[in-house]
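Since the structure comes first, as structure tokens, the remarks are kept for the end.
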Amino acid sequence: KESRGANNMFHYTLPTMVDGLAIATSYTPAAGGDESDTAYALTYTGVEGLTAKYGVGSNDNQAAGSGGSTANADATTMSLSYVYGSVTLAYSDHEYDSDLADGTEDQDATSWKVSYTVSDAISVTYAEEEMNSGTAADQDATYSKATVSYTAGGMTLSANMQEMENGDYSTAASADEEYVGLSVSFAF
């Protein structure tokens, strides 16, 4: 997550320093009651089929008083994806840490996906995501999705099945859901 967009924001993307490594930075100066925000991101594509990303940013919403700020947060994101022939693997991890003592603003999300292109017409994908709200009493929310698609000419037929467990971070039966869908699209 980068710093929030604002007037006077400074954003710079450095030229590639080494083969396949790109760096971007941003800085938003303090204004009003806000502290300044900073962020940077690294992207590496120096290995065929591999994309690795790492980013860190701050979201400092209030100026620190005598007791320090209570609404500042840091975000860290990393992701990897690798394509080998007809298989694509992807993984991501996002962490948002707030300075609030009770941790209610914290959130962690981890996800992964595997896709397989069977032929020019058929592809299959399976993905999972787990989220934690940062409150000790909460259960992790988990999501999964399987998709199969078939393309013939200008028509694509897709079927997917999705499942959610502990969607509101509790073990209540109402927090679990399943969904099955079928769609057809045409390109002219």
Side-chain angles (χ1 to χ4, degrees), residues 1-6 9-14 16-17 20-28 34-47 49-62 64 68-84 87-116 125-147 160-172 175-179:
K1 177 178 178 175
E2 289 189 7
S3 302
R4 67 190 184 286
M9 178 184 219
F10 175 73
H11 185 268
Y12 183 69
T13 302
L14 290 104
T16 302
M17 297 185 336
L21 179 64
I23 301 174
T25 63
S26 69
Y27 172 77
T28 304
D34 291 345
E35 295 180 4
S36 59
D37 294 339
T38 58
Y40 70 88
L42 307 171
T43 302
Y44 179 71
T45 56
V47 175
L50 176 69
T51 301
K53 297 180 180 183
Y54 179 79
V56 175
S58 64
N59 183 17
D60 299 329
N61 291 323
Q62 293 182 358
S69 175
T70 58
N72 296 338
D74 294 314
T76 304
T77 299
M78 69 174 196
S79 67
L80 292 169
S81 67
Y82 185 69
V83 178
Y84 183 76
V87 176
T88 301
L89 303 171
Y91 172 83
S92 70
D93 184 69
H94 175 79
E95 188 174 305
Y96 182 85
D97 294 318
S98 171
D99 287 349
L100 292 175
D102 62 4
T104 55
E105 294 292 320
D106 294 354
Q107 189 174 59
D108 297 332
T110 304
S111 61
W112 63 270
K113 176 176 82 170
V114 60
S115 300
Y116 178 61
T125 301
Y126 181 78
E128 286 189 6
E129 182 174 46
E130 182 175 278
M131 297 181 70
N132 181 296
S133 72
T135 303
D138 289 345
Q139 298 293 316
D140 290 347
T142 58
Y143 307 88
S144 61
K145 180 178 182 178
T147 304
N160 70 75
M161 182 174 67
Q162 301 174 49
E163 183 178 21
M164 174 181 71
E165 294 181 15
N166 307 327
D168 61 356
Y169 302 109
S170 74
T171 56
D176 298 342
E177 292 186 21
E178 291 183 2
Y179 170 83

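With values rounded to the nearest 0.5 angstrom, T76 atom OG1 is found 6.0 Å from E95 atom CD. Residue T51 holds its OG1 atom at 9.0 Å from CG of L80, rounded to the nearest 0.5 Å. Atoms OH and CG, from Y96 and D74 in turn, are 9.0 Å apart once rounded to the nearest 0.5 Å. Atom CG of N160 and atom OH of Y179 lie 5.5 Å apart (nearest 0.5 Å). Note that the OH atom of Y82 and the OG1 atom of T88 stand 10.5 Å from one another [nearest 0.5 Å]. Here K145 contributes atom NZ and M161 contributes atom CE; the two are 12.0 Å apart, rounded to the nearest 0.5 Å.
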Residues T125, S115; criterion side chain to side chain donor-acceptor pair (under 3.5 Å); working and verdict: CA-CA 4 Å; T125 301; S115 300; 3.2 Å; yes
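Remark: the S92 side chain and the S111 side chain contain an N/O donor-acceptor pair separated by less than 3.5 Å. Side-chain contact annotation: D93 with T110, donor-acceptor N/O pair under 3.5 Å present. Side-chain contact annotation: E130 with N132, donor-acceptor N/O pair under 3.5 Å absent.
Listed by chain and residue number, nothing satisfies the side-chain hydrogen bond (donor to acceptor under 3.5 Å, both in side chains) test with D97 (two or more places apart in sequence, or in another chain).
Residues Q107 and M131 meet the side-chain proximity criterion, which asks for heavy atoms closer than 4.5 Å. In this structure, the side chains of W112 and Y126 come closer than 4.5 Å at one or more pairs of heavy atoms.
Taking all atoms of both residues into account, the shortest heavy-atom contact from M164 to A175 is CE-O, 3.5 Å. When all heavy atoms of T25 and Y40 are compared, the pair lying nearest together is CG2-CB, 4.0 Å.
Side-chain atoms of D176 come within 3.5 Å of backbone N or O of N166 as a donor-acceptor pair. The closest donor-acceptor contact from the side chain of S58 to the backbone of T38 lies under 3.5 Å.
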